[in-house]
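Throughout, protein chains are lettered first and strands after them, A, B, ... in sequence-line order, and every chain is numbered starting at 1.
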Number of protein chains: 2
Amino acid sequence: MKSRKLYNRITVLRKERNISRKELAEIIGVNFQTVGYLEREEYNPSLDLAFKISEYFGLPVELIFSTEPLKPLIEEIIELKNKIGGQ
Amino acid sequence: MKSRKLYNRITVLRKERNISRKELAEIIGVNFQTVGYLEREEYNPSLDLAFKISEYFGLPVELIFSTEPLKPLIEEIIELKNKIGGQ
DNA sequence: ATTTTTTGTTGTATATTTACAATTTTTTAT
DNA sequence: ATAAAAAATTGTAAATATACAACAAAAAAT
């Protein structure tokens with residue numbers, strides 16, 4: 001199976017928690033360069049690794065990883081505000 | 001990284017849709033034996049493959065795959081009914 | 001400014017996933 | 001009961017993810 005390119009928000013989420021790649025890597029139990037590869041979207045994680053990341057951030061997989069390029073979080077917020085406000 | 005064993009509900013979901021492994025395999029674009037390996041939980045999918053399966057069934061990844069053994073769907077329903085009824 | 005920490009890059013080795021083929025067993029249909 | 005279809009099993013090859021090391025570049029701290 002030719003794997004599609006996947007997008008993710010690891011960098012932003014990690015920055016919001018103020019931890020380094022090295023720290024995140026230790027928490028999820030991978031080499032710190034592996035986090036680098038993931039953040040640069042040079043390869044896709046296994047489902048198990050995706051789960052570990054999702055568990056650490058306390059977020060569903062779909063909010064972190066996507067088959068479509070991910071909008072900045074701030075844009076997502078604005079869209080949600082519009083949706084609610086426009087009812 | 002030593003990968004944890006993951007559990008999934010592919011077999012049940014597939015049966016509910018009345019399709020064979022071969023058909024599912026064609027839809028998600030993998031070899032039909034690969035579906036077999038996944039259903040027998042002999043190995044974990046990549047995140048991309050998990051996404052393809054989740055897209056086909058129209059369900060979030062977390063409802064199909066889990067790090068914990070998955071209860072039969074019927075039990076989930078009963079638990080949800082109890083939760084709602086007991087308010 | 002310079003030291004320290006973090007991030008990026010490159011290359012190689014290992015582990016895991018996926019493909020594919022051939023055969024056996026089980027289930028379903030007739 | 002028999003045939004046909006589906007699923008399981010086994011083995012090998014390929015592709016991809018992950019580990020790890022060494023070094024360069026960039027950012028942050030002092």
Side-chain angles (χ1 to χ4, degrees), chain A residues 1-57 59-62 64-70 72-73, chain B residues 1-57 59-62 64-70 72-73:
Chain A
M1 186 198 53
K2 206 178 82 251
S3 196
R4 294 172 292 187
K5 176 184 174 48
L6 298 183
Y7 303 86
N8 72 72
R9 292 200 228 265
I10 299 173
T11 309
V12 206
L13 295 173
R14 180 174 60 75
K15 291 250 156 92
E16 283 195 331
R17 309 244 165 162
N18 265 302
I19 59 170
S20 69
R21 285 184 180 171
K22 195 157 157 292
E23 289 169 301
L24 176 57
E26 274 157 25
I27 292 165
I28 62 182
V30 294
N31 192 279
F32 83 98
Q33 281 120 327
T34 298
V35 174
Y37 278 107
L38 292 178
E39 291 197 2
R40 276 173 263 126
E41 294 166 343
E42 287 183 28
Y43 56 55
N44 300 333
S46 62
L47 180 57
D48 187 33
L49 181 48
F51 271 152
K52 282 187 186 146
I53 294 167
S54 136
E55 283 158 17
Y56 169 69
F57 288 118
L59 297 171
V61 171
E62 285 86 352
I64 307 178
F65 299 94
S66 170
T67 56
E68 299 295 319
L70 286 159
L73 288 175
Chain B
M1 186 198 54
K2 204 177 81 251
S3 196
R4 294 174 291 186
K5 176 183 174 46
L6 297 183
Y7 303 86
N8 71 72
R9 293 201 226 264
I10 299 173
T11 308
V12 206
L13 295 173
R14 181 175 58 76
K15 291 249 157 92
E16 283 195 329
R17 309 241 166 166
N18 265 301
I19 59 170
S20 70
R21 286 184 179 171
K22 194 156 156 291
E23 289 168 303
L24 176 57
E26 273 156 25
I27 292 164
I28 62 182
V30 295
N31 192 279
F32 83 98
Q33 280 119 330
T34 298
V35 174
Y37 280 108
L38 292 178
E39 292 197 1
R40 274 173 265 124
E41 295 167 342
E42 287 183 27
Y43 55 56
N44 299 334
S46 63
L47 179 56
D48 188 33
L49 182 48
F51 271 153
K52 282 187 186 148
I53 293 167
S54 136
E55 283 158 17
Y56 169 68
F57 288 118
L59 298 171
V61 171
E62 285 86 353
I64 307 177
F65 299 94
S66 170
T67 56
E68 299 295 319
L70 285 160
L73 289 174

With a 4.5 Å limit on heavy-atom distance, are the side chains of B/Glu55 and A/Thr67 in contact?
yes
Phosphate contact (C/dA19 OP1 or OP2) by B/Thr34 side-chain N/O below 4.0 Å
yes
According to a strict under-4.0 Å criterion, is B/Asn44 in side-chain N/O contact with OP1 or OP2 of C/dT16?
no
Does the side chain of A/Leu13 come within less than 4.5 Å of A/Leu59's, by heavy atoms?
yes
Distance below 4.0 Å between A/Ser20 side-chain N/O and C/dT5 OP1 or OP2
no
Side-chain heavy atoms of A/Leu73 within contact of A/Glu16, under 4.5 Å:
yes
B/Pro45 has its side chain closest, among C/dT18, C/dT9, C/dT17, to C/dT18
Less than 4.5 Å apart, any side-chain heavy atom of B/Ile53 and any of B/Asn8?
no
If I take atom CE in residue A/Met1 and atom C1' in nucleotide C/dA19, what distance separates them, rounded to the nearest angstrom?
11 Å
In whole Å, I'd like the distance from the CD atom of B/Gln33 to the C1' atom of C/dT24.
13 Å
On DNA chain C, does the nearest nucleotide to B/Lys15 precede the nearest nucleotide to B/Asn31 from the 5' side, or the other way round? Give the residue.
B/Asn31
Rounded to whole angstrom units, what separation is found between the CZ atom of A/Arg40 and the C1' atom of C/dT7?
8 Å
Separation of B/Glu42 atom CD from C/dA19 atom P, in whole Å?
15 Å
Of all the nucleotides listed (D/dT18, C/dC20, C/dT7), which has the minimum atom distance to the side chain of B/Tyr37?
C/dC20
Opposite nucleotide pairing with C/dT4, Watson-Crick or G-U, both atom distances under 3.5 Å
D/dA27
Taken to the nearest whole Å, CG/A/Leu38 to P/C/dT7 is 14 Å
Taking all non-hydrogen atoms of both residues into account, name the closest pair between B/Pro60 and A/Glu62 and its distance.
CA-OE2, 3.4 Å
Would you indicate, yes or no, if D/dA7 has its OP1 or OP2 atom less than 4.0 angstrom from a side-chain nitrogen or oxygen of B/Arg14?
yes
Using whole Å, what does the distance between atom C1' of nucleotide D/dA28 and atom CD1 of A/Ile19 come to?
17 Å
Rounded to whole angstroms, how far apart are CG on A/Leu47 and C1' on D/dT16?
15 Å
Length of the OH-C1' vector between A/Tyr43 and C/dT14, whole Å
12 Å
Could you please name the option among D/dT18, C/dT17, D/dT16 that lies closest to any side-chain atom of A/Lys2?
D/dT16
Assign each of B/Lys22 and A/Phe32 to its nearest nucleotide of DNA chain D by heavy atoms, then name whichever residue's nucleotide is nearer the 5' end.
B/Lys22
